[in-house]
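Below is one structure; the comments refer to it alone.
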Amino acid sequence: MTSSARKMAPVEEQMRILMAGTEFGDEPTRVTMERELRARLEQDRPLRVYCGYDPTRVDLHLGHSVSMRKLRQFQDLGHEVTFLIGSFTATIGDPTGRDKTRPVLTDAEIAENAKTYTDQAFAILDRAKTLIRYNGEWLSKLTFADVTRLTAHYTVQQFMRRENFAKRQENGDPIHVSEFLYAMMQAYDAFELNADVQLGGTDQTFNLFAGRQLQEARGQQPQVCITLPILVGTDGHEKMSKSYGNYIGITEPANDMFGKVMSIPDATIINYFTLLTPLTPVEVDALEASLADGSLRPMDAKKRLGEEITTVFHGADAARDAREYFEATVQRKETPDEMPEHAVVGRTALTDVLREAALVKSNGEVRRLVGEGGLLLNGEKVADFNIEVGPGDEIRVGRHRYLRLVAK
RNA sequence: GCAUGGGUGGGAGAGUGGCUAAUUCCAGCGGACUGUAAAUCCGCCGCCUAACGGCUACGCAGGUUCGAAUCCUGCCCCAUGCACCA
């Protein structure tokens with residue numbers, strides 16, 4: 001069989017691209033998944049690939065973009081990608097009822113979040129080639145009998161082997177039955193989509209495999225589960241998450257995005273290049289070598305990284321501008337030409353202006369700021385907070401927040 | 001339903017009658033330093049007030065007391081075990 005007879009790209013070429021940057025719980029799993037993926041690719045047809053996203057949060061961050069980038073690779077190779085929005089799961093809320101960050105949403109809220117989600121996702125995905133589905137389409141139609149039959153495919157022991165549950169069992173912490181159902185809902189998604197491949201973070205391994213099990217039990221070919229590393233946040237330790245405050249949002253302005261990338265620890269640079277930029281593994285290896293032998297300074301590597309990442313979401317021009325802004329403002333400590341403006345009528349109390357501009361929450365904060373020397377008016381330290389300011393004045397709060405007053 | 005343990009500032013978690021706007025940690029903010037918006041160090045970190053001072057706050061509502069996050073009563077909520085139900 002010659003490769004020219006194939007409609008799609010050569011199997012090994014696809015394998016190299018698709019397996020890059022993946023991470024599996026253990027070696028046998030990786031070997032199995034690799035073998036199964038190869039077998040599917042040899043069928044020389046577009047594979048049905050999907051990844052599910054929870055629409056309870058409005059903001060997607062770079063952590064989410066890792067799996068989206070992988071989806072994009074599948075797209076570019078001609079596979080059929082579904083962006084699945086977990087609308088049903090979001091209407092149920094957190095199974096334990098404790099996690100307030102996972103609120104119960106109304107249909108309208110979900111639709112709205114989904115909209116902003118997909119808008120953000122299409123910075124990476126090819127809009128024309130992406131199917132958007134909501135799991136409420138099928139999950140909401142299941143009857144109690146359907147669900148009961150679904151649960152019959154699983155045993156409690158399987159769930160209890162999951163580390164998360166085993167630990168809580170040991171500690172006497174509650175494990176809600178609904179938590180079991182969560183995995184089954186995700187499994188049902190895979191069955192409903194008749195998925196060839198599902199992507200997810202390594203923390204989703206259990207749920208991905210639950211899908212395999214269901215598919216097999218119901219006569220489908222079990223999906224290939226491809227897991228991706230959890231992206232660490234800007235602190236370089238914890239996983240990127242809004243609740244840890246260490247995230248870089250996909251919709252953040254270019255300057256902020258660049259700046260936040262600059263704040264990651266040096267040790268995280270290569271990891272970010274691998275997971276967040278279009279650079280090939282070979283290029284990343286070259287960068288790593290240059291960093292190791294000292295021919296590339298971490299500062300320069302990070303600027304490159306910041307530009308690459310910012311380019312993905314804002315374009316090359318904006319990324320270059322962001323870099324220049326960083327170099328001018330942060331490194332050379334220059335006052336930027338452009339800064340947020342705030343309209344005032346005539347002379348106004350400084351405290352009122354800052355509060356209106358939402359730079360501070362209370363007058364007490366202004367007092368503190370002045371006492372700490374963190375407030376500058378036209379380049380001079382403000383000694384007395386009880387002053388008035390007017391159009392034309394430039395205020396700097398802290399190191400990098402600016403405000404220019406204009407007439408209303 | 002019964003029993004036990006809990007509900008404290010953005011989060012975690014001390015405090016069991018005045019010394020407590022409330023230890024500590026995390027987050028946040030400011031300063032210094034730095035290749036950096038990182039790390040580190042120092043400081044700040046309820047609201048109003050120029051200040052004195054005032055106000056609000058420890059699940060909710062009452063009460064005791066000169067004085068309560070801390071004691072009492074009722075209620076609500078959470079966790080675990082048992083019971084009940086199936």
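Chain identifiers are assigned alphabetically (A, B, ...) following the order of the sequence lines, protein sequences preceding nucleic acid strands; residue numbering begins at 1 within each chain. Owing to the predicted nature of the structure, the values given are computational and were not obtained by experimental measurement.
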Is any side-chain N or O of [X] closer than 4.0 Å to OP1 or OP2 of [N]?
{"X": "A:Ser362", "N": "B:C47", "answer": "yes"}
{"X": "A:Thr234", "N": "B:A38", "answer": "no"}
{"X": "A:Arg401", "N": "B:C29", "answer": "no"}

How many Å lie between [atom1] on [X] and [atom2] on [N], as a whole number?
{"X": "A:Gln331", "N": "B:A37", "atom1": "CD", "atom2": "C1'", "result": "11 Å"}
{"X": "A:Arg368", "N": "B:C44", "atom1": "CZ", "atom2": "P", "result": "11 Å"}
{"X": "A:Ile269", "N": "B:G35", "atom1": "CD1", "atom2": "P", "result": "15 Å"}
{"X": "A:Asn386", "N": "B:U49", "atom1": "CG", "atom2": "P", "result": "10 Å"}
{"X": "A:Asn363", "N": "B:A50", "atom1": "CG", "atom2": "P", "result": "8 Å"}
{"X": "A:Lys381", "N": "B:G31", "atom1": "NZ", "atom2": "P", "result": "8 Å"}
{"X": "A:Glu365", "N": "B:G46", "atom1": "CD", "atom2": "C1'", "result": "12 Å"}
{"X": "A:Ile248", "N": "B:A37", "atom1": "CD1", "atom2": "P", "result": "15 Å"}

Does [N] pair with anything, Watson-Crick or G-U wobble, both distances under 3.5 Å, and if so, with which nucleotide?
{"N": "B:G74", "result": "B:C60"}
{"N": "B:A21", "result": "none"}
{"N": "B:G81", "result": "B:C2"}
{"N": "B:A68", "result": "none"}
{"N": "B:G15", "result": "B:U8"}
{"N": "B:A37", "result": "none"}

Using a 4.0 Å heavy-atom cut-off, does [X] contact any base of the nucleic acid, only the sugar-phosphate backbone, or nothing at all?
{"X": "A:Ile264", "answer": "nothing"}
{"X": "A:Lys302", "answer": "base"}
{"X": "A:Arg332", "answer": "nothing"}
{"X": "A:Gly364", "answer": "sugar-phosphate"}
{"X": "A:Phe326", "answer": "base"}

Self-check item: Nearest-nucleotide comparison on RNA chain B, the residue closer to the 5′ end among A:Val330 and A:Gly374
Solution: A:Gly374
Quiz item: With nearest nucleotides of RNA chain B determined for A:Asp266 and A:Gly373 from heavy-atom distances, which residue corresponds to the more 5′ nucleotide?
Solution: A:Gly373
Quiz item: For A:Arg218, does the CZ atom have more than 12 heavy-atom neighbours from other residues, nucleotides or ligands under 6.0 Å away?
Solution: yes
Quiz item: Do other residues, nucleotides or ligands put more than 12 heavy atoms under 6.0 Å from the CD atom of A:Glu380?
Solution: no
Taking only the [atom1] atom of each, what is the distance from [N] to [M] in whole angstrom?
{"N": "B:A38", "M": "B:A32", "atom1": "P", "result": "13 Å"}
{"N": "B:U4", "M": "B:C19", "atom1": "C1'", "result": "34 Å"}
{"N": "B:G11", "M": "B:G46", "atom1": "P", "result": "15 Å"}
{"N": "B:A21", "M": "B:A68", "atom1": "P", "result": "12 Å"}
{"N": "B:C45", "M": "B:G28", "atom1": "C1'", "result": "8 Å"}
{"N": "B:G18", "M": "B:C71", "atom1": "C1'", "result": "14 Å"}
{"N": "B:G10", "M": "B:C48", "atom1": "P", "result": "15 Å"}
{"N": "B:C66", "M": "B:A61", "atom1": "C1'", "result": "24 Å"}

Out of [options], which nucleotide sits closest to the side chain of [X]?
{"X": "A:Pro298", "options": "B:G30, B:U34, B:G35", "result": "B:G35"}
{"X": "A:Arg355", "options": "B:U36, B:C29, B:C48", "result": "B:C48"}
{"X": "A:Arg396", "options": "B:G31, B:C47, B:G43", "result": "B:G31"}
{"X": "A:His400", "options": "B:G30, B:G35, B:A37", "result": "B:A37"}

Quiz item: Hey, is the side chain of A:Glu372 pairing donor to acceptor with the base of B:G31 inside 3.5 Å?
Solution: no
Exercise. Check if the side chain of A:Arg367 and the base of B:U49 share a donor-acceptor pair of N or O atoms closer than 3.5 Å.
Key: yes
Quiz prompt | Sequence-distant partners of A:Asp317, salt bridge (charged side-chain N to carboxylate O under 4.0 Å, His left out), two or more places apart | solution = A:Arg320
Quiz item: What distance separates A:Leu193 CG from A:Arg133 CZ, expressed to the nearest 0.5 Å?
Solution: 6.0 Å
Self-check item: Atom pair CD1 (A:Ile226) and OG (A:Ser67), whose distance is rounded to the nearest 0.5 Å
Solution: 11.5 Å
Self-check item: Minimum side-chain heavy-atom gap A:Arg30-A:Asp26 below 4.5 Å
Solution: no
Self-check item: Aromatic plane relationship, A:Phe159 with A:Phe180 - under 30° parallel, 30 to 60° tilted, over 60° perpendicular
Solution: parallel
Quiz item: Just checking, A:Lys141 and A:Phe88: is the charged tip under 6.0 Å from the six-membered ring centre and within 45° of the axis?
Solution: no
